[in-house]
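All figures in this text were calculated on a predicted structure; none of them were measured in a lab.
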Amino acid sequence: MTPELPDTVSASAPSAARPASPAAPEAAAPAALAAALALPVSGVAAVVALLDEGATIPFIARYRKEATGSLDEVQVAAVRDALEKARELDKRRAAVLASLEERGLLTPQLARAVAGAATLTALEDVYLPYRPKRVTRAEKARRRGLAPLAEALRTARPSADARTLAAAHVTPHGADPELAVPDAEAALAGARDILAENFAESAPLRGALRDLFARRAVLRARAVPGKEAEGATYADWFGHEERAAAMPSHRLLAMLRGEREGFLSVSVRPEDADALDTLRRRADLPGGPTARQESAAGQVDAALADAWKRLLAPSLENELRTALRERAEAQAIGVFAANLRELIMAPPLGGRRVLALDPGWRTGAKLVCLDAQGALLHHEVIHPLTGDAGAERAARTLRDCCAKYAVEVVAVGNGTAGRETEAFARGAGLPAGVDVVLVNETGASVYSASEAARREFPDHDLTVRGAVSIGRRLMDPLAELVKIDPRSLGVGQYQHDVDQAALRRALDEVVASCVNAVGVDANTASPELLAHVSGIGPVLARNIVAHRAENGPYRTRKDLLKVPRLGPKAFEQAAGFLRVRGDNPLDASAVHPERYALVADMATDLGCAVADLLRRDDLRGRIRPERYVSGEVGLPTLTDILAELARPGRDPRPAFAPFRFAEGVHSPDDLEPGMVLPGIVTNVTAFGAFVDIGVHRDGLVHVSQLSDRFVRDPAEVVAPGRTVRVRVLDVDRSRGRVSLAMKGVEQ
């Protein structure tokens with residue numbers, strides 16, 4: 001049996017009658033997508049149609065449940081992603097068919113192979129022998145008339161003398177010296193080049209090797225000679241070997257970074273012997289490595305070895321590296337996205353009057369006072385850490401501000417001098433009931449230097465803006481953190497090593513999902529927050545704010561239709577996620593305006609007003625949702641409406657609870673192995689979690705120390721912003737590392 005090697009077809013070969021291409025099954029067809037995702041065809045078809053109409057993922061998942069079969073945001077996003085890939089495949093398939101048709105190469109068999117390719121990789125394998133390419137060694141040999149010799153070597157008796165077969169193809173003289181074949185050795189070399197290229201372009205052989213790479217490729221990392229000292233950061237990977245299929249994403253990304261920086265050389269391929277054995281078995285070569293070199297079988301085997309070393313190994317290694325990197329990047333992006341969701345969905349303090357402190361040593365702490373809506377009322381600088389006199393004046397200022405601005409909570413940034421400033425505030429004799437809260441200030445400096453901050457506070461410097469950000473993120477983390485590039489929030493894993501466009505898209509979708517889940521007050525929200533509302537975007541967000549500033553607060557959701565460029569389609573997508581506290585009580589809920597008439601019918605049937613339905617449990621309890629099922633509205637939507645009437649505009653975030661670090665623990669010098677301390681998770685990675693225990697340096701809880709049970713994914717146990725109790729395992733003061741454990745610690 002011989003492998004299915006590609007025909008040696010010249011790009012200039014004339015075509016017989018050009019056959020009509022068979023209709024290729026569209027990869028983007030809903031049935032194909034549904035099968036790939038194991039989802040109902042009807043739901044997938046509805047999602048595809050809605051996406052093509054411009055609907056957003058939050059809108060589809062929340063307000064089109066009857067059409068989609070109640071697919072959630074994750075499933076809708078999966079359909080969207082699969083649809084994009086499938087359409088890219090269909091687009092590429094059409095381009096391949098057009099190229100083959102144009103060059104007269106399309107045969108019925110080839111057209112069927114193109115139509116049947118289920119993946120981009122399979123499609124490119126089919127197209128590879130016919131792809132326009134530079135003049136290769138094999139092509140030069142074909143031009144010298146050596147294709148018949150290659151075929152003769154392939155089909156001759158294994159023991160046939162290769163030189164005898166080659167003799168008939170020696171043409172030492174000719175009109176064109178480049179076409180001359182001076183001797184048998186030159187003829188055999190050219191024939192081997194043709195065979196090697198044919199082997200390398202054989203889809204079955206590539207498929208067999210691709211499977212071998214996936215199963216048995218080993219990633220090997222070596223130090224670049226002479227760079228050992230300079231690349232000491234990557235010393236753990238010098239001489240490292242690991243099966244590629246089982247390699248965790250963070251290790252792969254670390255080694256690829258070392259390679260990119262010039263300290264490591266990385267290869268990923270199976271053993272040569274395994275690859276050649278696979279090729280020989282799949283190609284069904286009769287002689288194998290024991291064949292005499294001068295025999296036909298020996299020449300074919302030499303061509304096969306050349307195909308592996310020169311063509312197949314580099315090509316498939318690059319392909320596997322790309323696949324491994326993409327997989328690792330997807331996992332890293334997934335970790336970042338999950339961490340970001342936890343961070344921005346942290347419990348909000350709510351509308352309370354806050355005094356915020358941005359700590360500092362020599363330069364003092366910037367103090368700002370904010371009203372319950374986050375508006376800046378006052379700012380100044382205090383010096384609580386510069387001696388007794390400064391501390392006494394700072395404490396007096398703190399007390400005066402608390403009294404003058406009716407402060408309810410003091411927010412202290414957790415950066416440099418944060419713990420010391422927190423201790424000062426707690427001992428400053430504040431009025432009873434005023435709590436002190438340490439706030440994660442990561443990214444506050446990024447916001448303070450941003451265009452959004454300059455637009456909001458044009459007359460104040462960076463220090464004031466940063467302190468305001470600290471106070472506001474305590475009041476409402478979501479509303480404040482959306483103003484900051486998520487990549488600046490410190491909850492990623494190798495975030496600078498992954499595809500930045502894919503990272504940006506994933507993080508933007510997380511922010512949008514959170515914003516729409518919580519809902520946005522159209523009369524108080526910033527342009528940055530409004531921009532993430534379904535169907536809005538930056539331009540409409542600015543228009544909404546400008547219209548609000550010029551005409552006063554919105555009284556109803558319908559007032560939003562007066563905003564320039566906000567048409568019916570944008571209104572449909574956005575209205576359910578925008579809250580307007582005004583004339584219609586439903587406008588402050590997540591009930592979509594398209595269902596107001598339905599709610600009015602419920603109220604009419606009960607002989608009450610719509611407002612009564614929101615206030616009285618007994619009235620809602622008398623509603624029988626099945627009575628209101630129609631062709632457009634089913635039980636899923638009716639269930640959502642009744643839940644919203646019970647708690648209109650409910651915030652899905654957990655309630656705020658103050659947290660305090662252990663007293664007397666301010667630096668690594670205060671730590672001893674065995675101490676059990678409270679902490680806050682700041683970042684979760686594939687290898688563990690980082691926990692802030694109040695010593696200005698996060699400690700690492702390795703995945704093996706997260707729980708008494710086996711933990712495969714740290715996200716199963718911890719998330720950013722969660723409070724935990726940890727035990728100190730080790731303090732490496734020379735390298736500034738703190739090792740912690742949650743195993744064996746009661747939570």
(Q) Can you confirm if the aromatic rings of Tyr494 and Phe336 lie within a centre distance of less than 6.0 Å? (A) no
Q) Counting only heavy atoms not in Arg260, do more than 12 sit closer than 6.0 Å to its CZ atom? A) yes
(Q) Would you compute the distance between atom CG of Asp476 and atom CZ of Arg653 and round it to the nearest 0.5 angstrom? (A) 4.5 Å
(Q) Minimum heavy-atom separation for Pro527 and Ala541, please, with both atom names. (A) O-CB, 3.4 Å
Q) Between Val354 and Leu349, is a side chain to side chain contact (heavy atoms under 4.5 Å, CB included) present by the stated rule, with each step listed? A) CA-CA 10 Å; Val354 172; Leu349 174 68; 3.9 Å; yes
Q) Is there a donor in the side chain of Arg362 and an acceptor in the side chain of Thr386, or the other way round, less than 3.5 Å apart? A) no
Q | Atom pair NZ (Lys404) and OG1 (Thr397), whose distance is rounded to the nearest 0.5 Å | A | 11.5 Å
Q: Side-chain contact test, heavy atoms from C-beta onward, threshold under 4.5 Å: evaluate it for Val381 versus Leu367 and give yes or no.
A: no
Q: Determine the minimum heavy-atom distance between Glu572 and His592, stating which atoms define it.
A: O-NE2, 2.7 Å
(Q) Are the side chains of Ser589 and Leu645 in contact, using a 4.5 Å heavy-atom criterion? (A) no
Q. Can you find a pair of side-chain heavy atoms, one from Ile382 and one from Leu398, that are under 4.5 Å apart?
A. yes
Q) Hey, what's the ring geometry for Tyr554 with His547, parallel, tilted or perpendicular (30° and 60° as the breaks)? A) parallel
Q: Could you tell me which non-hydrogen atom of Leu478 sits nearest to which non-hydrogen atom of Cys514, and how far apart they are?
A: CD2-O, 4.0 Å
Q) Just wondering, do Met675 and Arg727 contact through their side chains at under 4.5 Å, heavy atoms? A) no
Q) Looking only at heavy atoms, what is the nearest atom pair of Val491 and Asn339, with distance? A) O-ND2, 2.8 Å
(Q) Between Asp559 and Thr556 (side chain of the first, backbone of the second, donor and acceptor by atom type, cut-off under 3.5 Å), is there such a pair? (A) yes
Q | Note, Val437 side chain near Val412 side chain (heavy atom, < 4.5 Å) | A | no
Q.
Quick check against the 3.5 Å criterion: does Arg419 have a side-chain atom that pairs as donor or acceptor with the backbone of Gly694?
A. yes
Q: Check the pair Met742, Val718 against side chain to side chain contact (heavy atoms under 4.5 Å, CB included), reporting the backbone distance first and the verdict last.
A: CA-CA 10 Å; Met742 291 170 56; Val718 289; 3.8 Å; yes
Q: May I ask you to check whether over 12 heavy atoms, not counting those of Glu392, lie within 6.0 Å of atom CD?
A: no
Q: Give, for atom CG of Leu740 and atom CD of Gln705, the distance between the pair rounded to the nearest 0.5 Å.
A: 10.0 Å
**Q.** Salt bridge Arg62-Glu73, side-chain N to carboxylate O under 4.0 Å
**A.** no
Q: Rounded to the nearest 0.5 Å, what's the gap from CG on Leu357 to CD on Glu422? Could you check?
A: 11.0 Å
(Q) Classify the ring geometry of Tyr63 against Phe59: parallel below 30°, tilted from 30° to 60°, perpendicular beyond 60°. (A) tilted
Q.
Could you measure the distance from the CZ atom of Phe661 to the CD1 atom of Ile693? Nearest 0.5 Å is fine.
A. 8.5 Å
Q) If you draw a 6.0 Å radius around CZ in Arg454, do more than 12 non-hydrogen atoms from other residues or ligands fall strictly inside? A) yes
Q | Minimum heavy-atom distance between Val545 and Ser526, given as atom pair plus value | A | CG2-C, 4.4 Å
Q. Is a side-chain donor or acceptor of Asp508 paired with a backbone partner of Leu503 at a separation under 3.5 angstrom?
A. no
(Q) Surrounding CD of Glu550 (heavy atoms of other residues, nucleotides or ligands, distance under 6.0 Å), is the total greater than 12? (A) no
Q: May I ask you to decide if Ala417's main-chain N or O and Thr421's side chain share a donor-acceptor pair within less than 3.5 Å?
A: yes
Q: Determine the interplanar angle of the Tyr405 and His378 rings, folded into 0 to 90°, and report it as parallel if under 30°, tilted if 30 to 60°, perpendicular if over 60°.
A: parallel
Q: Look at the side chain of Arg725 and the backbone N and O of Val745, then say whether any donor-acceptor pair between them is shorter than 3.5 Å.
A: no
Q | Distance-only polar pair, side chains of Asp698 and Asn683, donor-acceptor under 3.5 Å | A | no
Q.
Using side chain to side chain contact (heavy atoms under 4.5 Å, CB included), reason through Leu614 and Leu586 one step at a time and then give a plain yes or no.
A. CA-CA 9 Å; Leu614 277 72; Leu586 293 179; 4.0 Å; yes
Q: In plain terms, say whether Arg80 and Glu509 are close enough for a salt bridge, that is, a side-chain N and a carboxylate O under 4.0 Å apart.
A: yes
Q.
Contact between Leu438 and Phe659 at the side-chain level, heavy atoms closer than 4.5 Å - yes or no?
A. no
Q | Leu677 and Leu671: CA distance, side-chain angles, deciding distance, side chain to side chain contact (heavy atoms under 4.5 Å, CB included) verdict | A | CA-CA 10 Å; Leu677 304 167; Leu671 299 176; 3.6 Å; yes
Q | Charged N-O contact under 4.0 Å between Asp692 and Arg697 | A | no
(Q) Does either side chain, that of Tyr447 or that of Arg473, offer a donor lying less than 3.5 Å from an acceptor on the other one? (A) no
Q: Output yes when a side-chain donor or acceptor of Arg399 lies under 3.5 Å from a complementary backbone atom of Ala428, and no otherwise.
A: yes
Q. Is it true that a side-chain atom of Asp670 and a backbone atom of Ser667 form a donor plus acceptor pair closer than 3.5 Å?
A. yes
Q. To the nearest 0.5 Å, what is the distance between CZ (Phe571) and CG (Leu566)?
A. 8.0 Å
Q. What do the steps show when you test Arg722 against Glu342 for salt bridge (charged side-chain N to carboxylate O under 4.0 Å, His left out), and what is the final call?
A. CA-CA 9 Å; Arg722 302 278 178 89; Glu342 293 289 339; 3.5 Å; yes
Q: Give a yes or no on whether the backbone of Arg472 and the side-chain of Glu480 come within a donor-acceptor separation of less than 3.5 Å.
A: no
(Q) Strictly distance-based, threshold 3.5 Å: is any side-chain N or O of Arg353 a donor or acceptor partner for the main-chain N or O of Leu370? (A) no
Q) Within a reach of under 6.0 Å around CG of Asp388, are more than 12 heavy atoms found that belong to other residues, nucleotides or ligands? A) no
Q | Minimum heavy-atom distance between Pro477 and Ala346, given as atom pair plus value | A | CG-O, 3.8 Å
Q.
What I'd like to find out is whether the side chain of Val410 reaches to under 4.5 Å of the side chain of Val434, using heavy atoms alone.
A. yes
Q. Would you find more than 12 non-hydrogen atoms of other residues, nucleotides or ligands less than 6.0 Å from Arg647 atom CZ?
A. no
Q) If you measure from the Lys or Arg side-chain nitrogens to the Asp or Glu carboxylate oxygens, is any gap between Asp485 and Arg504 under 4.0 Å? A) yes
Q) Quick one: do Arg579 and Asp587 make a salt bridge, cutoff under 4.0 Å? A) no
Q | Over 12 foreign heavy atoms within 6.0 Å of NZ, Lys558 | A | no
Q: Verify, without hydrogens or angle tests, whether Ser534 (side chain) and Gln573 (backbone) share a donor-acceptor contact under 3.5 angstrom.
A: yes
(Q) Run the salt bridge (charged side-chain N to carboxylate O under 4.0 Å, His left out) test on Glu528 and Arg455 for me, step by step, so that the C-alpha distance in whole Å, both residues' side-chain angles and the decisive distance to 0.1 Å come before the verdict. (A) CA-CA 12 Å; Glu528 292 76 23; Arg455 187 169 57 247; 2.5 Å; yes
Q | Within-4.5 Å side-chain heavy-atom neighbours: Met345 and Pro654 | A | no
